[in-house]
Amino acid sequence: MTDAELAEFVRTFQVLVRRALETAPEGVRSDLVVRLEEHLGVDPVGLPVVTDWHQPFEQANLHLALSAYVSSGGRSNELVGIGGQGREHHALSEILSAAAQHGAFPLGAVDYAAVAVGPGVERTVVNFGLYLVADGDHRLAVLLRGSSERHGRPMAGLEVLAADPAAAERLLAAVRALAVEHNIFRGQVVSFEPYEFGHGA
C-alpha cells in the first residue's frame, strides 16, 4: 500500500467513524465521562486540553518520564484505558465529546507496545492509556499515546485535561525535564537513518 493509498484509507475510515457517531443515540454518557467527572470534580467535556507532541523514538522516554512524575512528590495516579473503535484517530477532546453525547469510547484496557530502545533491545511502554493524576489540590487526566503511521499520527504525545491549564503546562514542563534526566538513550551511541515507511528515524 502506497503512502497516498494509506492516507486515503485513513480519511475514509475517519469519515465512517464520524458518521457512525453522528447517528448514534444521544444523551447516553459513557463510563469514561462519568469516571473523569468523579476524578476532576467537574464535567470534563469542554475543559481545555494542552498537548505536547514528540518524535516517535521518544515514546519510551515519555513513558519513563510520566511514570517518574506520577509516582513522586506525593502524587497519586490511576492508569485506565479507553475502548471503542477508531479512538486512535481522535484527539482527547473529540473522544470526550463523542463519549458524552453518544456513549462512545467507554473505559477499556490500556494499550501497550514494545518499542526499540537499543540494538536488539525493546521495552514495553504504554501506547494508549489515560493517567488520572492527583497532585495536591489539582486533578489532571493525561493521555499518553504512541505514534502510529497507520492511524495518521506520526508523532507520540501527551494530551493533558485539567480545569486549570497552568497546572497542565507545569506537568508537561516537568515531564520534559524528566525525559531528559531519565533518557533511555543516555550512554549509547545513537545513529539516525531514514525510515522507509514514512516519517521517523
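Positions are given from 1 along the sequence. Keep in mind that this is a model prediction, so the values were computed, not measured.
- Remark: Ser97 pairs with Gln101 by the side chain to side chain donor-acceptor pair (under 3.5 Å) rule, at least two apart or across chains.
- Other cluster members for Trp53: Met155, joined by side-chain heavy-atom distances under 4.5 Å among Ile, Leu, Val, Met, Phe, Trp and Tyr.
- Evaluation of the side chain to side chain donor-acceptor pair (under 3.5 Å) rule for His39 yields no partner, not counting sequence neighbours.
- Considering only residues two or more places apart in sequence or on other chains, Asp31 meets the side chain to side chain contact (heavy atoms under 4.5 Å, CB included) condition with Pro106, Leu107.
- Residue pairs that meet the salt bridge (charged side-chain N to carboxylate O under 4.0 Å, His left out) test with at least one member in residues 103-118, sequence neighbours left out, are Arg87-Asp111.
- Val49 and Val80 fall within a single hydrophobic cluster, where Ile, Leu, Val, Met, Phe, Trp and Tyr are joined by side-chain heavy atoms under 4.5 Å apart, directly or via other members.
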Donor-acceptor pairs are to be reported for all side-chain atoms of residues 125-147 against protein atoms at under 3.5 Å, with residues two or more places apart or in another chain.
unit_1: Asn127; atom_1: OD1; unit_2: Gln59; atom_2: NE2; d: 2.9
unit_1: Asp135; atom_1: OD2; unit_2: Tyr69; atom_2: OH; d: 3.0
unit_1: Asp135; atom_1: OD2; unit_2: Arg75; atom_2: NE; d: 3.2
unit_1: His138; atom_1: NE2; unit_2: Arg170; atom_2: NH2; d: 3.4
unit_1: Arg139; atom_1: NH1; unit_2: Gly136; atom_2: O; d: 2.7
unit_1: Arg145; atom_1: NE; unit_2: Glu159; atom_2: OE2; d: 2.7
unit_1: Arg145; atom_1: NH1; unit_2: Glu88; atom_2: O; d: 3.2
unit_1: Arg145; atom_1: NH2; unit_2: His90; atom_2: O; d: 2.6
unit_1: Arg145; atom_1: NH2; unit_2: Glu159; atom_2: OE2; d: 2.9

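- Residues passing the salt bridge (Lys or Arg N to Asp or Glu O under 4.0 Å) test with Arg176, sequence neighbours excluded: Asp52.
- Atom-to-atom distance recorded for Leu96:CG and Leu32:CG is 6.0 Å, nearest 0.5 angstrom.
- Residues satisfying the side chain to side chain donor-acceptor pair (under 3.5 Å) test with Glu122, not counting sequence neighbours, are none.
- Heavy atoms only, all atoms of each residue included: Val50 and Pro165 are closest at CG2-O, 4.3 Å.
- Residue pairs meeting the salt bridge (charged side-chain N to carboxylate O under 4.0 Å, His left out) criterion with at least one partner in residues 56-65, sequence neighbours excluded, are absent.
- Val34 and Phe105 fall into different hydrophobic clusters, defined by Ile, Leu, Val, Met, Phe, Trp and Tyr side-chain heavy atoms under 4.5 Å apart, directly or through other members.
- The side chain to side chain donor-acceptor pair (under 3.5 Å) check on Glu37 picks up Arg29, with sequence neighbours excluded.
- In this structure, the separation between CZ on Arg186 and CD1 on Ile184 is 11.5 Å, given to the nearest 0.5 Å.
- Clustering ILVMFWY residues whenever any of their side-chain heavy atoms sit less than 4.5 angstrom apart, transitively, puts Val110 in the very cluster that holds Leu66.
- Minimum interatomic distance between Leu62 and Ala156 (heavy atoms only, all atoms of both residues): CD1-CB, 4.1 Å.
- With sequence neighbours excluded, no residue forms a salt bridge (Lys or Arg N to Asp or Glu O under 4.0 Å) with Glu169.
- Grouping the Ile, Leu, Val, Met, Phe, Trp and Tyr side chains by contacts below 4.5 angstrom, directly or via other members, places Leu47 with Leu92.
- For Glu181, there are no salt bridge (Lys or Arg N to Asp or Glu O under 4.0 Å) partners at least two apart in sequence or on another chain.
- Criterion: ILVMFWY side-chain heavy atoms under 4.5 Å apart, direct or through other members. Under it, Val117 and Tyr112 are not part of a common hydrophobic cluster.
- Residues Ser71 and Ser67 approach most closely at OG-O, 2.8 Å, considering heavy atoms.
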